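Only heavy atoms go into these numbers, but all of them, side chains included; no hydrogens, no water, no symmetry mates. These numbers come from a predicted model, not from an experiment. Below, chains carry the letters A, B, ... as their sequence lines are ordered, and counting in each starts from 1.
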Number of protein chains: 2
Amino acid sequence: MTEPSARPTRAQQRRQSEARILTAAREIFAELGYDRTTIRAVASAAGVDAGLVMHYFGSKDLLFARAVEVPADELPAGTSGEVAEALLTSLGRRLTGEPTASLAVLRSVLTNADAADRYRAAAEPQLNQLTEAIPTPDADLRASLLSAIVHGVIAERYLLRLTHLADASPEQIIDLLRPCFQSLTTPPPE
Amino acid sequence: MTEPSARPTRAQQRRQSEARILTAAREIFAELGYDRTTIRAVASAAGVDAGLVMHYFGSKDLLFARAVEVPADELPAGTSGEVAEALLTSLGRRLTGEPTASLAVLRSVLTNADAADRYRAAAEPQLNQLTEAIPTPDADLRASLLSAIVHGVIAERYLLRLTHLADASPEQIIDLLRPCFQSLTTPPPE
DNA sequence: GTCTATACGCTGATAGAC
DNA sequence: GTCTATCAGCGTATAGAC
């Protein structure tokens, strides 16, 4: 009785609204962190009602989980040198433009305990992959340090906004960091 | 008419209460960040009433400012190599024990905009000092990167609690980071 | 499916009793 | 100086009208 294929309005409109809400949520979570972000603000930014957000996502926690779930880009395995370079280009990608997704995670991970747990679990496989590419007994610590450096640079650039770091080009940063990454991915010549 | 020197109770007791409140505030700010920390919780932890905290410090913002103000340990100037080593030992100090003060700042800086501004201002002289010790045109960027690495390591160890980084000894971390710091404080041989 | 009205808790802050 | 009582505001979440 309904139009056969005129306007696939129902499910499609819902997914459209959901998408708008998620985009708005990512931006506001990135800007304000978990606590200061309100459902009302997200709804208002998405042009919908606050009750609708609750109806779609159930709770603020679930909305946050959906907003920050991230594909976790693969970094190809290889020799330790190759992995270092892959990490650097991955960092470069995250230093270009506005990495709202990364920022939402980063800012919220540091305030929301559940977010920290979720993130640790999500980052583990990537960390293991990195560990296996490093041919030293302390590979796991080295991998963690690399992760710490990447996050430190992103946080200080976008969250703390240290001027010299915020103004520098990704290439400049990567070039300065290359020796660091190499020393951490390859054992000392001895 | 009052006792000459029996019990210097008045001012002394006040300072004692203030000190207990500040200690409690530091711990809770470090654990929960600015937003999630409540005056009531701080007062309860210090064994006083919430109203008293307000009476002493005026507002939550002022309490936070007093709690996280930090002497900002001097790092002696010198050759670039010496500065790198000084930075490493400074990092080692902050990786030993429970750096509640650092954590309160770090966690809150990432959520509270005012805290970020305050911290940037407080860290500037130290950053400048570091910059002057590095003999390259891009010294300011290098100094910012060093700062980012230090904070990244601390954040990932204490806030995100990456296991391998949390379990490692300060010495182990410092040894792995030494080549990084050296490559950033000294220009390439070329 | 969408929005309005509202319940209920917790926050920072104030005024005033002891 | 210290604490109790209370205010006004905002947060999430729910119930129900269109």
> Is there a donor-acceptor pair under 3.5 Å between the side chain of Arg120(B) and the backbone N or O of Leu160(A)?
Replying inline: yes
>> I'd like to compare against my own output: the B/S/- annotation of nucleotides 7-14 of chain C with a strict under-4.0 Å heavy-atom distance to protein.
In response: ----SBBB
>> Whole angstroms only, please: what is the NE2-P distance between His55(B) and dA15(C)?
In response: 13 Å
> Taking the side chain of Asp49(A) as heavy atoms from C-beta outward, which of dC3(C), dT2(D), dC3(D) is closest to it?
Replying inline: dC3(C)
>> Once you apply a heavy-atom cut-off of 4.0 Å, does Phe57(B) come out as touching a base, just sugar-phosphate, or nothing?
In response: nothing
>> Donor-acceptor pair, distance only, cut-off 3.5 Å: does the side chain of Ser183(A) make one with the backbone of Cys180(A)?
In response: yes
>> Quiz question: by atom type and distance under 3.5 Å, do the side chains of Asp138(B) and Thr136(B) form a donor-acceptor pair?
In response: yes
> Just wondering, are more than 12 heavy atoms of other shown residues or ligands nearer than 6.0 Å to CD in Glu18(B)?
Replying inline: yes
>> Please tell me if Tyr56(A) has a side-chain N or O lying less than 4.0 Å from either OP1 or OP2 of dG1(C).
In response: no
>> Test your reading of the model: is there a side-chain donor-acceptor pair from Arg161(B) to the backbone of Ala116(A), 3.5 Å cut-off?
In response: no
>> Using modelled atom types and a 3.5 Å cut-off, is there a donor and acceptor pairing between side-chain atoms of Thr89(B) and backbone atoms of Ala86(B)?
In response: yes
> Separation of Leu52(B) atom CG from dA5(D) atom P, in whole Å?
Replying inline: 17 Å
